[in-house]
Amino acid sequence: MEERSNNGGYSSSGTKKKTGDSKRNSREDDIEDLAEEYMEAEGLDYDSAYEAAEED
């Protein structure tokens, strides 16, 4: 029965990880938005603009 308890704990940490992923996705969305601005303003291709946005 202790194993079930441990598995339950694992599931909980898995849920917490999803929350962390949501925050990461939000940050990636911000980077993508900034990359699009660089592409329009500076005429950069997507990869270059994305790298520049990550540095900011």
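Considering every non-hydrogen atom in both Leu44 and Met39, the closest pair reads O-CG, 3.3 Å. Nearest heavy-atom pair, Ala53 versus Ala35, reported as atom, atom and distance to 0.1 Å: CB-N, 3.7 Å.
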* Asp45 and Ser48: CA distance, side-chain angles, deciding distance, side-chain hydrogen bond (donor to acceptor under 3.5 Å, both in side chains) verdict -> CA-CA 6 Å; Asp45 62 277; Ser48 298; 2.9 Å; yes
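Distance check: Asn25 CG to Asp30 CG gives 11.0 Å after rounding to the nearest 0.5 Å. One finds the CD atom of Glu32 at 13.0 Å from the CD atom of Glu37 (value rounded to the nearest 0.5 Å).
Using a 4.5 Å cut-off on side-chain heavy atoms (C-beta onward), Tyr46 and Glu51 make no contact.
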